[in-house]
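First up is the structure itself, then whatever we jot down about it.
Only heavy atoms go into these numbers, but all of them, side chains included; no hydrogens, no water, no symmetry mates.
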Amino acid sequence: MSSKKFWTVSPDPEQPVTPQLQRIMKTGYYKFGVFLDYDCTVSKLYLSENSARRFINASFNWLVWSKYKYTIEAENLNLNVDTEMTWAHSETFSDRIILYDLYKINYSWPLNGTLAGHWTPKEGISFNLTQYKYSRRKDLRGIVYRAAIVVNNIPTKNLEEELVKPENRDLDSMATYNYKGFLLMQQMYNFSKTILHTNNFGYVVEDGKPVGLVHMMKYGEADVSISALKLNHHRIDMSDHCPVATWELRVCGLFRHPQITESFSVLLQPFKPTLWLGCGLIWFLTMVALRFISFFESQYLVEDNLQGRSNIELEGAWTWSDTLVIIMGAIGQQGSTMDSKWITGRIVFLNTHILALMTNIYYSAFIVSSLLSARPQSIRNTRDLIDSSLGFGAEDISYSRPYFELNTDPLVRELYHKKMAPPHTAYFSREMGLQKVLNEPFVFHTEAINVYSDIERMFTDRAKCDLTEILIFPVEKCYPFVPRTSPLKELLTYGYRRAVESGLVSHMNRHWRPTKPVCSVKTEFRRVDTNTILFAIWLLGAGILMSAFILVLEILLQSRFTTRCKKQNIKTVTLAVPQNEI
């Protein structure tokens, strides 16, 4: 008592059990010690009352003292496999106290009494049971438990046979995987089972009324769940769980990522806007320099010819359009027929062509590498998916509807109303969903490992390379569930934890969790689609049309000018003839 680690509970026959005490007695996360003198009549009534309420569970370490060994009355106590009860009685003609560990496999089964040790005033306590409790009690002697499982996509007739067939692993990975793990528990503890199946995990809880597997747990229709469930406050309020994750639920959206067709941005991507602006400014300054050099050069040559110092054929100064043609010829690496007689002009020409050469090298290298490199991934999260033109649908399975229709996340709600709510079709079978992914710009939301084998069979190598996964919901751990105050909670927790630590779960994962289909054509050369360079084609077409329009306009103007000149010449001749005659 002084250490505050051991409590005594003394009953008052005149007072009923308070609600607070009843809540403490039912739960399994408090640890109390109860010392009881069984030879006292009131204590017998107290023990009988706790037995009737089934409070003799793992929450309490019971130490029952008596002058006699446990009797037939103890056989009627409601003990179970998780009971912590030590029966102590004095040995005849000796001061030694004999200790027995008492439990039952089930409330209605015979009492198991194991000699735990003894105590004497001189030697103290000698306790023989050094093994963990559930290691000692792992033989459940074939007791039959009702086990509930959620099954989808596989036949329910002869369900135990269907759950172990290799071909059904891909049809319902979660059910077959968890059943295999449950079989490990069955072998470890030597119990039998009667399988109860449903197609609903019990995710939807309306007005406090659960359905599916959670309903079975709450109302005691099943003793344990084979299927693992996600944790949420509804389920925790109605049942209990073993704190060992036996399944990792990874539900994602599968789609073939569309190729980005923004050819305009592809052609402008090599340089940043500031660099493009800098290049344009340099070309403009070069044009200005050439224009002024040409002007002064032409003026100088005119003076030399007038003074007889030069016989060079005179050419007019370059216009702005002439300098523009020179710059465009340098950028396009086509050159120009124009030339400068001055060293200054030739230096500007040389620098112009060197700058154009360096710009083209860097620009062309980036364009080629960007077109032949892996396709950029522009859809990385839920927001990108909502803003894209891809269709969206989920697998027609029980947990898909609550995922979207009852979700409070604003992004998920927006995704549902934009791409899933009527008039859209929201749910598809697995085969239909994969066909839409293969043939259409479509996102199919499903548990990825269930469809990897179908993708290997249905998709081409090129389609596998395009396959992309996006997580709309985070990966969640799932746990086996049991009814509240179930004596199997700690037993199964210990068993599943042993399976995890010994590597059995890792071995199962290698068989039940296939990897994503491998893209086998990544090393091949990529083809450049027309859409990628469509802007350049448009630019060429616009240039052709513009040049044709200017050509037609020039022909019309030239024709009109020629006609006007002929009329003027005719008038001049007509007027000149009478004067000659006179």
Side-chain angles (χ1 to χ4, degrees), residues 1 3 5-11 25-26 28 30-143 188-191 485-491 493-495:
M1 289 291 291
S3 66
K5 294 181 180 179
F6 192 88
W7 288 25
T8 59
V9 179
S10 176
M25 300 287 279
K26 278 186 174 182
Y30 295 114
K31 290 296 181 182
F32 297 103
V34 182
F35 177 78
L36 193 70
D37 185 356
Y38 190 74
D39 296 338
C40 175
T41 305
V42 176
S43 295
K44 288 183 180 180
L45 294 175
Y46 174 71
L47 187 60
S48 176
E49 181 181 356
N50 279 273
S51 173
R53 294 174 178 269
R54 297 189 176 179
F55 288 166
I56 308 178
N57 52 33
S59 302
F60 295 85
N61 289 296
W62 293 83
L63 178 58
V64 181
W65 164 264
S66 177
K67 295 179 181 179
Y68 311 100
K69 186 179 177 181
Y70 58 93
T71 60
I72 191 65
E73 296 178 0
E75 292 279 354
N76 298 324
L77 295 176
N78 286 321
L79 309 184
N80 213 310
V81 70
D82 65 333
T83 298
E84 294 274 9
M85 177 177 283
T86 301
W87 187 282
H89 75 90
S90 59
E91 194 175 34
T92 309
F93 307 114
S94 173
D95 59 353
R96 188 167 66 166
I97 305 299
I98 307 300
L99 306 176
Y100 287 91
D101 180 54
L102 303 184
Y103 75 98
K104 292 182 179 180
I105 294 177
N106 188 272
Y107 295 118
S108 59
W109 282 42
L111 182 68
N112 292 287
T114 305
L115 181 62
H118 64 273
W119 177 87
T120 62
K122 293 181 179 180
E123 299 176 0
I125 190 168
S126 176
F127 205 73
N128 302 326
L129 303 181
T130 57
Q131 283 183 300
Y132 181 56
K133 178 175 66 174
Y134 294 111
S135 294
R136 303 193 313 266
R137 303 177 183 181
K138 65 180 181 180
D139 185 6
L140 299 181
R141 303 177 187 177
I143 186 173
M188 184 182 299
Y189 291 115
N190 186 26
F191 64 82
T485 69
S486 171
L488 299 179
K489 175 182 176 179
E490 292 298 327
L491 179 136
T493 299
Y494 171 69

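- Taking CG from Asp82 and NZ from Lys104, the interatomic distance works out to 13.0 Å, rounded to the nearest 0.5 Å.
- Under a 4.0 Å N-O distance rule, the pair Glu123/Arg96 does not qualify as a salt bridge.
- Between the side chains of Asn190 and Asp139, a donor-acceptor pair is found at a separation under 3.5 Å.
- Side-chain contact check for Tyr134 versus Thr493: every heavy-atom pair is 4.5 Å or farther apart.
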Donor-acceptor contacts, no H, no angles, side chain residues 107-117, under 3.5 Å, sequence neighbours left out:
unit_1: Ser108; atom_1: OG; unit_2: Asn106; atom_2: OD1; d: 3.2
unit_1: Asn112; atom_1: OD1; unit_2: Arg141; atom_2: NH1; d: 3.2
unit_1: Asn112; atom_1: OD1; unit_2: Arg141; atom_2: NH2; d: 3.1

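- Taking the side chain as every heavy atom from C-beta outward, Leu102 and Val64 never approach each other to under 4.5 Å.
- Note that CD of Glu490 and NZ of Lys133 are 7.0 Å apart. Values are rounded to the nearest 0.5 Å.
- Looking only at side-chain heavy atoms (C-beta outward), Trp87 and Tyr38 come within less than 4.5 Å of each other.
- Contact record, Tyr103 with Val81: CD1-CA, 4.2 Å, taken as the closest heavy-atom pair.
- Annotation: the span from Gln131 atom CD to Arg137 atom CZ amounts to 12.0 Å, rounded to 0.5 Å.
- Residues Lys489 and Asn57 form no side-chain contact, since every pair of their non-hydrogen atoms from C-beta on lies 4.5 Å or further apart.
- Ring geometry for Tyr100 versus Tyr70: interplanar angle over 60°, hence perpendicular rather than tilted (30 to 60°).
- For the pair Ile56/Leu47, a side-chain contact is recorded, criterion being any heavy-atom separation below 4.5 Å from C-beta on.
- Judged as a ring-ring contact (aromatic ring centres under 6.0 Å, His included), and not counting sequence neighbours, Tyr189 has no contacts.
- The main-chain N or O of Gly495 is never found under 3.5 Å from a side-chain atom of Lys138 such that the two would form a donor-acceptor pair.
- With rounding to the nearest 0.5 Å, the separation of OG1 in Thr485 from CG in Asn80 is 10.0 Å.
- Two residues are said to be in side-chain contact when any heavy atoms from C-beta on lie closer than 4.5 Å; Asn50 and Phe60 fail this criterion.
- Going from atom OG of Ser43 over to atom CG of Leu36 covers 4.5 Å, rounded to the nearest 0.5 Å.
- To the nearest 0.5 Å, atom CG of residue Asp95 and atom OG of residue Ser90 are 10.0 Å apart.
- Within the 4.5 Å cutoff, the side chain of Tyr494 has heavy atoms near those of the Ser135 side chain.
- Using a 4.5 Å heavy-atom cutoff, the side chains of His118 and Ile98 are in contact.
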